**Student:** 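The structure under discussion is supplied below as structure tokens; questions concerning it will follow.
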Amino acid sequence: MASSSSFLLGAAVVATLLVVGSCGPALTLTIGKGSSDTNLEIVTNVAISEVSIKEKGAMDWSDDLKESPTNTWTLKSKEPIKGPISVRFAVKNGGYRVVDDVIPASFKPGSVYNTGVQI
């Protein structure tokens, strides 16, 4: 009896840890007021780092986004920025995440996009 009780207790602890670990807020991306066809401002609702974007069909990630102020990431381009745009970022407490085509081609300042990624 003791061994099955221990097993059930252990399973309950693991399940609780999994649920608690995934209850963080979902990352949202808001297109900043200063955005235009050559300037992209991404404002996040949680702290992330090392933000890169990739335009549809591009081979490489653009690592030129700069954070300023906190949770606002800006890319200034000489060429028009074309969507849909994928976003890659590092979570401050571990790991990289990629959200494909999260910002559509028709992005406008003030638009909010839910990534579906729990932080």
Side-chain angles (χ1 to χ4, degrees):
M1 213 35 135
S3 63
S4 57
S5 295
S6 298
F7 175 77
L8 289 175
L9 178 61
V13 168
V14 169
T16 301
L17 289 173
L18 290 173
V19 169
V20 170
S22 65
C23 288
L27 174 66
T28 60
L29 308 175
T30 302
I31 305 303
K33 294 179 183 180
S35 294
S36 67
D37 62 339
T38 58
N39 187 54
L40 179 62
E41 289 180 1
I42 300 173
V43 182
T44 63
N45 64 322
V46 294
I48 59 174
S49 61
E50 297 180 38
V51 176
S52 304
I53 66 166
K54 184 166 67 170
E55 298 174 72
K56 188 70 169 187
M59 298 298 287
D60 298 315
W61 291 91
S62 172
D63 294 327
D64 299 332
L65 279 83
K66 306 293 182 214
E67 185 180 23
S68 177
T70 303
N71 294 349
T72 300
W73 297 87
T74 304
L75 174 69
K76 296 181 188 238
S77 175
K78 294 179 182 178
E79 301 294 323
I81 300 169
K82 300 173 190 164
I85 299 169
S86 297
V87 177
R88 177 178 68 183
F89 59 93
V91 180
K92 293 207 182 212
N93 288 328
Y96 282 90
R97 305 279 167 51
V98 173
V99 185
D100 291 320
D101 301 335
V102 66
I103 301 173
S106 60
F107 69 87
K108 293 182 179 12
S111 298
V112 179
Y113 305 103
N114 186 350
T115 66
V117 175
Q118 300 288 107
I119 304 294

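What you see is a predicted model, and the numbers here were worked out from it, not measured in a lab. Sequence positions, counted from 1, serve as the residue numbers for this chain.
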**Student:** Output, in order, the C-alpha distance, side-chain angles, deciding distance and verdict of side chain to side chain contact (heavy atoms under 4.5 Å, CB included) for N39 and T74.
**Tutor:** CA-CA 7 Å; N39 187 54; T74 304; 3.6 Å; yes
**Student:** Any idea which heavy atoms bring V46 and T44 closest together, and the distance?
**Tutor:** O-OG1, 2.7 Å
**Student:** Not counting sequence neighbours, list each pair that qualifies as a salt bridge (Lys or Arg N to Asp or Glu O under 4.0 Å) and has a residue in residues 26-42.
**Tutor:**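 Applying salt bridge (Lys or Arg N to Asp or Glu O under 4.0 Å) to every pair that reaches into residues 26-42, excluding sequence neighbours, yields nothing.
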**Student:** Quick one: CG on L40 to OG on S62, what's the gap to the nearest 0.5 Å?
**Tutor:**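 These two atoms lie 9.5 Å from each other.
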**Student:** Under the rule for side chain to side chain donor-acceptor pair (under 3.5 Å), what residues qualify as partners of T28, not counting sequence neighbours?
**Tutor:** N45
**Student:** Which pair of heavy atoms, one from V102 and one from V87, lies closest together, and at what distance?
**Tutor:** CG1-CG2, 3.7 Å
**Student:** If you round to the nearest 0.5 Å, how far is CG of L75 from OG of S77?
**Tutor:** 6.0 Å
**Student:** Do you know the tightest heavy-atom contact between L27 and T115?
**Tutor:**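 Looks like O-OG1, 2.7 Å.
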**Student:** Which heavy-atom pair separates N114 from A26 by the least distance, and what is that distance?
**Tutor:**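 Taking every non-hydrogen atom into account, OD1-CB, 3.9 Å.
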**Student:** Other hydrophobic cluster members with V98, side-chain heavy atoms of Ile/Leu/Val/Met/Phe/Trp/Tyr under 4.5 Å, chained?
**Tutor:** W61
**Student:** What residue pairs, at least two apart or across chains, pass salt bridge (Lys or Arg N to Asp or Glu O under 4.0 Å) with a residue in residues 73-88?
**Tutor:**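 Listed once each, the pairs are D63-R88.
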**Student:** Report the C-alpha separation of I42 and I53 in whole Å, then their side-chain angles, then the decisive distance to 0.1 Å, and conclude whether the side chain to side chain contact (heavy atoms under 4.5 Å, CB included) test is met.
**Tutor:** CA-CA 10 Å; I42 300 173; I53 66 166; 4.1 Å; yes
**Student:** Provide the closest heavy-atom pair for G32 versus P109 in the form atom of the first, atom of the second, distance.
**Tutor:**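 In this case the closest contact between G32 and P109 is O-CB, 3.5 Å.
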**Student:** Please lay out, stage by stage, how V99 and F89 fare under the test side chain to side chain contact (heavy atoms under 4.5 Å, CB included).
**Tutor:** CA-CA 9 Å; V99 185; F89 59 93; 4.1 Å; yes
**Student:** If you look only at pairs with a residue in residues 44-58, which of them pass as a salt bridge (Lys or Arg N to Asp or Glu O under 4.0 Å), with sequence neighbours excluded?
**Tutor:** K56-D101
**Student:** Working to the nearest 0.5 angstrom, can you tell me the gap between S52 OG and W73 CH2?
**Tutor:**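 Nearest 0.5 Å value for the OG-CH2 distance: 9.0 Å.
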**Student:** Any side-chain to backbone donor/acceptor pair from T30 onto V112? Under 3.5 Å, distance only.
**Tutor:** no
**Student:** How many angstroms lie between atom OH of Y113 and atom CG of L29, to the nearest 0.5 angstrom?
**Tutor:** 9.5 Å
**Student:** What pairs of residues pass the salt bridge (Lys or Arg N to Asp or Glu O under 4.0 Å) test when at least one of them lies in residues 106-117, not counting sequence neighbours?
**Tutor:**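 Counting only pairs at least two positions apart or across chains, no salt bridge (Lys or Arg N to Asp or Glu O under 4.0 Å) contact touches residues 106-117.
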**Student:** Please report the closest heavy-atom contact between Y96 and A90, naming both atoms and the distance.
**Tutor:** CE2-CB, 3.8 Å
**Student:** Under a single-linkage definition using a 4.5 Å side-chain heavy-atom cutoff for Ile, Leu, Val, Met, Phe, Trp and Tyr, are V43 and I81 assigned to the same hydrophobic cluster?
**Tutor:** no
**Student:** Roughly how far apart are L65 CG and S49 OG, rounded to 0.5 Å?
**Tutor:** 12.5 Å
